[in-house]
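All residue numbers refer to positions in the sequence shown, counting from 1.
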Amino acid sequence: MIFCTKKISFFFVLYTFVFCTKLQSQKLFSSSKDLITEIESILVKENNPPKDTLLLKKRLAFLKESSNKKINVLYPALLANGYAAFFDKTNEKSEYYFLKSMQEAKKSKDLSLIIWTQLNYSKYLYFYCQIDKLIPIVLKTMEESNQIDPSEMILPAETFKFFGWIMLTVEDNSAVNFLKKSMQYMKESSSESASVLNAIGNCYFKNKDFTNAMHYYNKSEAMALKIGDSVRYAKVLGDKALVYDKKEDANTAVNLLKQDIAYSQKFKIEKNEMYASILLAKILLKLNHKSEAQKILERAGEIAGTKPYYRSSLKEVIELKLLLLNGENFQKELILRRQLKQLDEYLLKTNGNTVLRRSNWLIQKNKYENETKKILLELEKGERIRNISLLILISTILSSALAYGFLTQRLNYKRLKVEEYENDRLIFEEKLKDASSDIDYYAENLQSKDKQISILEGELEEIKSSATKYLEEDRSKLQEMLGSHLMTDENWSAFKREFIKQHNDFYNAIMENFPELKESNLRIIMLQKLNLNYYEMSNLLGVTVDAVKKSKQRLKKKLGEKYDLLFEIIDYK
């Protein structure tokens, strides 16, 4: 009787889930208008973070201390932006805080926050050319933006403008629609709208529609002059030069680009100066003005060499220099070709501005669209199921045979999971023993081991709560696997070697300043450097969370005043 009651309860829950799935999948809780206004105000104010990260933490502390959990989400997101500004490259700190902000947004079930945190991370990936990571996130964010009214979004103008930029970069025709949509949510006369008009002109230019391209360039130029935005005015001049170049009016193109460069130098916009200089050098080469082109390329090359994310432009500079040499200096050509090879290898990995990036985007986009169609079909199927759900509910209650089948399936599933966990454990152990792995790969596997430990503990708790005798064998196997996931001395030695290779300066600084540290201290310090929390450390070391905390307390007592120095080295080395 008790068993039947449990089965009835189970199928009632299943029925309720099927009935509500579609409704829940279409709508998440959104922020109120007042909260969105408050968040937007904060984001505008914190748009240019200071490069002093300690100062930034103090400035953002009010977000962390807010009683509103949705406001709390802004703290890791803006802190991630601050670390990006400090390092001016991709870095572990930014990655950690970007991912944390997205996780917290998901917990809040606020779609506007989910979209914004993903967009914030996407901008970082786009700026530093991490296209492989960017593509799936942007596609997911675009899909989610269709599930919410733009008026309920955080900074909708900025959101649609970014989508337009991305689609323009990969030459997707939807770029114009996104850009025009963004203008619906911004001031008519502003630097932002002038920027979007310029981008729309670029869309038409890439489609070889030079008439419409010039139309939007002129509108952008007029707005920039009206509001006194000299920076945008300079960029428009450079883009108009491209149209004149296509129309075989090289002299006008050269004059416009020289004006663009002059404005860029005046306002110290090196990135725009670099782009305009490369375009000017190409036209000068066509006009056979080699000496002037050489001078322009030297300056462009200086700028391109200052940032790793300028390497696509540096490649263009080197290719133009090779055209200038034209076989006249074998030694210089050899050096340039070696540099070009290194750049090609780098850009292949980061996808830069290569054909590979566009191809990869289109493949990912197609795959995502297919998956979306499948989901829609499943939802439609769910709608039909809902119409006959009452009949299903009655029939499942009356069917005791189905209950027996379900229990049998559950037992088989548990046994399969035990085998799966064992296979995963063996794979992780092999990866950790591979001496060719770098420390980032170790960190990834340590995180994976921690997840496996958590899953195994969950499975053991579920088995303990069951009185079924058939699960006793599974319990012993799971306990054995749980013990085998701990960090062995052999694994620790391999991990330590690779850690020292990757963080040599950090390790030397630790050993130089703290010679009194024991091996047990080093384990805690190295795992902390990889951003593992107390729970993850305790899982991997096979001790309790309290034991890890006590180890750190003993370390603090041992080091005394030098303890703060230790964590300064952990944070900044």
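When the options E221, K235, R232 are evaluated for a side chain to side chain donor-acceptor pair (under 3.5 Å) with N198, the one that passes is R232. Applying the side chain to side chain donor-acceptor pair (under 3.5 Å) test between D229 and each of S191, S195, S190 identifies S191 as the sole match.
When the side-chain contact (heavy atoms from CB on, under 4.5 Å) test is applied to Y96, the partners found at least two apart in sequence or on another chain are K100, N531. Applying the side-chain contact (heavy atoms from CB on, under 4.5 Å) criterion to Q342, with sequence neighbours excluded, gives no partner residue. In this structure, the side chain to side chain donor-acceptor pair (under 3.5 Å) partners of D88, at least two apart in sequence or on a different chain, are Y128, K307, Y309. Remark: K219 engages no residue in a side chain to side chain donor-acceptor pair (under 3.5 Å) (not counting sequence neighbours). For the side chain to side chain donor-acceptor pair (under 3.5 Å) test, residues two or more places apart in sequence or in another chain that qualify with N202 are Y217.
Contact of the L56 side chain with the L78 side chain is not registered, since no non-hydrogen atoms from C-beta on lie closer than 4.5 Å. E270 has its side chain within reach of R299: a pair of non-hydrogen atoms, C-beta onward, lies under 4.5 Å apart. Put simply, the side chain of K246 does not reach to within 4.5 Å of the side chain of K208, judged on heavy atoms. Between N81 and F98 there is a side-chain heavy-atom pair separated by less than 4.5 Å.
Residues A224 and A194 come closest through the heavy atom pair N-CB, 4.5 Å. Scanning both residues, S220 and V236, for their nearest heavy atoms gives OG-CG2, 3.3 Å. Y124 and T90 get closest at one heavy-atom pair: OH-CA, 3.0 Å.
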Please tabulate, for side-chain N and O atoms in residues 159-168, each donor-acceptor pair with protein atoms closer than 3.5 Å (sequence neighbours left out).
unit_1	atom_1	unit_2	atom_2	d
T159	OG1	L155	O	3.0

* For Y263 and V231, run side chain to side chain contact (heavy atoms under 4.5 Å, CB included): C-alpha distance rounded to whole Å, both residues' side-chain angles, the deciding distance at 0.1 Å, then the answer. => CA-CA 7 Å; Y263 274 105; V231 174; over 6 Å; no

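A donor-acceptor pair is defined here as one N or O able to donate and one able to accept, closer than 3.5 Å; no such pair exists between the side chain of S66 and the backbone of L63.
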